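What follows is a set of notes on a single structure, which appears directly below.
Hydrogens, waters and symmetry mates play no part in the numbers below; they use all other heavy atoms, side chains included. These numbers come from a predicted model, not from an experiment. A note on names: the letters A, B, ... follow the listed sequences, proteins ahead of strands, and every chain is numbered from 1.
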2 protein chains.
Amino acid sequence: MANARDVAQLAGVSVSTVSRALAQGQHVSADTRERVSAAAARLGYRPNPTARGLRMGRTQTLGLLVPDLENPYFASVTKGVQARARAAGYGLFVADSEEDAPTEPELVREFAQRVDGVLLASPRSDDETLLRAVEGIPAVLVSRDVEGLASVAVDDADGSAQALGHLHALGHRRVGVAAGPGNSWSGGRRVDGLRAAAEQLDGVTLAELGSFPPYFSGGFAAADHAVAAGVTAVVAFNDLMALGILDRLRGRGVRVPEDVSVVGFDDVPVATLVSPALTTVHVPRAGLGRRAVDLLVAALDPARHPEPPAHHRLPVEIVVRGSTGVPGRPDHRTSTP
Amino acid sequence: MANARDVAQLAGVSVSTVSRALAQGQHVSADTRERVSAAAARLGYRPNPTARGLRMGRTQTLGLLVPDLENPYFASVTKGVQARARAAGYGLFVADSEEDAPTEPELVREFAQRVDGVLLASPRSDDETLLRAVEGIPAVLVSRDVEGLASVAVDDADGSAQALGHLHALGHRRVGVAAGPGNSWSGGRRVDGLRAAAEQLDGVTLAELGSFPPYFSGGFAAADHAVAAGVTAVVAFNDLMALGILDRLRGRGVRVPEDVSVVGFDDVPVATLVSPALTTVHVPRAGLGRRAVDLLVAALDPARHPEPPAHHRLPVEIVVRGSTGVPGRPDHRTSTP
DNA sequence: AGGATGACCGCAATCGATTCCATCAATTGC
DNA sequence: GCAATTGATGGAATCGATTGCGGTCATCCT
């Protein structure tokens, strides 16, 4: 691999001139810049990022920490982050905490000296832990807020309001809530949003079915609670759980949406692959990633005067598909002849 | 952030001693090593990876290139790679080519100076391009072979044989093949495997339905071809396509598996989330990633004498679920009264 | 007791780029 | 025509760690 000295030699100049010619192009005559560029091109020269990183104190790399790369939610966030980072001239380090909160601070520390800034998607850790973890490192939180840190999230409460409004418009009055893990930040916001929306809507009562694992399997238990509670509709914490509810209801002979309507959250790709397709609140997951990168890159710009960390909100919107409809008979457990 | 000089100062030794004490522990008295370690711990010292990388010519970083991070297949590969890389003491750079083959060599070149080796998942590029792209960089291919490069893939042909064997055992004799893109390496192997297996099995004929996009949407077109061809079973190039076939068949009133059986390939998580659950050939995707890392890390070990690049094979096995059954009446287009 | 051996440790070079500073030439102004 | 200014360029320091080399001891052997 050619280095700056090789280029200098070929162009008949010094290494300093090579650096200047290729970097800003200032303080170098047009003629020499031409010669240097030609030499660099001929040798296929690329400045060594490690050396440059050492000297400049910036690695042109961002770090992304997610709890699970296989989870379609974070896969999309990662995709958005990767694309935007590359577009902004940054490489991307990725780490997967495997849903294990305690290792997250350690992963961030490992990042610390290799990246210029960190993007953190950590739904479960508590605020204190996160604040300490990113101490001294430019960071942006994804899909959650922590006081004192910049963040990008969606308007969960509004999504809940849209979901409940949709069900109310269809005529549902008794709606089950299948909440996610108690320590999930956006989970809390989604439930709060449902409660607030229920107060605004005429005659709607919420049946809080409990907390369930945010996966397909969690939906099974939630479905049984929903049936027991006699609701005509269920709002799930996320799509995977909603899919589990769908499957369990079908298994029990409860028809969707005739007997029970189901609404998910996130609009992950699989929501359209099932039948009936899932009505859900669309969350711009890749958009979250892109915006987070924009914020981080702006904060990294040395020409920028530092702004106080802000909490950014991206809009969501409900996508109505086949899993919601007008409510049927209250006692859907009686089978049709 | 503390550096080696700070530690040296606190421990009352020189930087060289700090380095030696913390690195091999050789050529340093036990007493000094103790003092240095204590000082390092007190300052929270971590050797700067950039500086070390410059000096040693190794960054302790691997690069992973995939065509689409959102595709559950590559999401799983990425997860496996990340976990194993971290376990082996390497960081992970990730790049997404967005299914655009021409940018892949460029991405590899961007990696070249930042990573010690590259993991390449590129189903579509041609051999020449890949060979040139990784010239001079330690590399391992994932899910495809190229002569002259190390690779890890699964036994696609055996998977095909298992799939067809399963259908044959159920009594199917006329089986549709919904192939993937023509330039997909494993796609070619899967079709070849089906042809070879068909020759071995009694009375099985293959109806090659054509090439389709490897997504849900591609399955729609394939399903219509399958119905037109009057087959009792279809093997799809991958699970997403199989899911599309399932959905389209249902839409047309064709029952699965009573009228037509469907077999997928890969066993991505969503295969179990639909109803009927998809019978499919399980591919150890994360395992591919882990094994690829093992190979690459071994090749990077300077103590190792270089071995010729080998093509590794991981086993697959069919997972029978609800989408396959004994064949029904040949003319399933006639509706039941 | 004196020299050889070896353990331990510090000095300084090194990796490859960036950047400050000094130098030199050329241009401009008076 | 001479001084001052501007612009182009090279030399050398720098980032933070690793490592070859050499110096300084203590120890051991004869």
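- Residue A:Arg52 contributes atom CZ, which lies 18 Å from atom P of D:dG16 at whole-angstrom precision.
- Contact of B:Arg20 with C:dG10 (side chain to base): a donor-acceptor pair of N or O atoms is detected under 3.5 Å.
- B:Arg86 and A:Asp96 are not joined by a salt bridge, as no carboxylate oxygen comes within less than 4.0 angstrom of a charged side-chain nitrogen.
- Whole-Å rounding puts the A:Arg35 CZ to D:dA8 C1' distance at 12 Å.
- The side chain of A:Thr17 contributes an N or O atom lying less than 4.0 Å from OP1 or OP2 of D:dG10.
- Between A:Thr50 and the phosphate of C:dC15, there is no side-chain N or O to OP1/OP2 separation shorter than 4.0 Å.
- Between the CD atom of A:Glu34 and the P atom of D:dA8 there is a distance of 15 Å, rounded to whole Å.
- B:Asp116 has its CG atom 18 Å from the P atom of C:dC15, to the nearest Å.
- Atoms CD (B:Gln60) and P (D:dA17) sit 16 Å apart, rounded to a whole Å.
- Comparing B:Thr32 and A:Ser19 by the nucleotide of DNA chain C that holds the closest heavy atom to each, the one mapping nearer the 5' end is B:Thr32.
- Side-chain contact between B:Ser143 and B:Leu288 is present, with heavy atoms from C-beta onward closer than 4.5 Å.
- Of the inter-residue distances, the one linking A:Ile137 atom CD1 with A:Arg109 atom CZ reads 9.0 Å to the nearest 0.5 angstrom.
- Put simply, NE2 on B:His27 is 15 Å from P on C:dG10, counting in whole angstrom units.
- By the 6.0 Å contact criterion, CD on A:Glu99 is enclosed, its count of non-hydrogen atoms from other residues, nucleotides or ligands being greater than 12.
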Under 3.5 Å, which protein N or O atoms sit close to an N or O of nucleotides 12-14 of chain C? Give each pair with its distance.
unit_1, atom_1, unit_2, atom_2, d
C:dT14, O2, B:Arg55, NH1, 3.1

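- With respect to the salt-bridge test (charged N to carboxylate O, under 4.0 angstrom), the residues A:Asp127 and A:Arg144 qualify.
- In this structure, the side chains of B:Val115 and B:Leu62 stay at 4.5 Å or more apart for every pair of heavy atoms.
- Distance CG (A:Leu22) to C1' (D:dT9): 16 Å, rounded to an integer number of Å.
- For A:Val13, counting side-chain heavy atoms from C-beta on, the closest listed nucleotide (C:dG10, D:dG10, D:dG16) is D:dG10.
- Spacing between atom CZ of B:Arg5 and atom P of C:dC11 amounts to 13 Å, rounded to whole angstrom units.
- The shortest distance between the side-chain N/O atoms of B:Ser29 and the OP1/OP2 oxygens of C:dC9 is below 4.0 Å.
- Residue A:Tyr45 has no polar side-chain atom (N or O) positioned under 4.0 Å from OP1 or OP2 of C:dG16.
- The closest side-chain heavy-atom distance from A:Leu295 to A:Val152 is below 4.5 Å.
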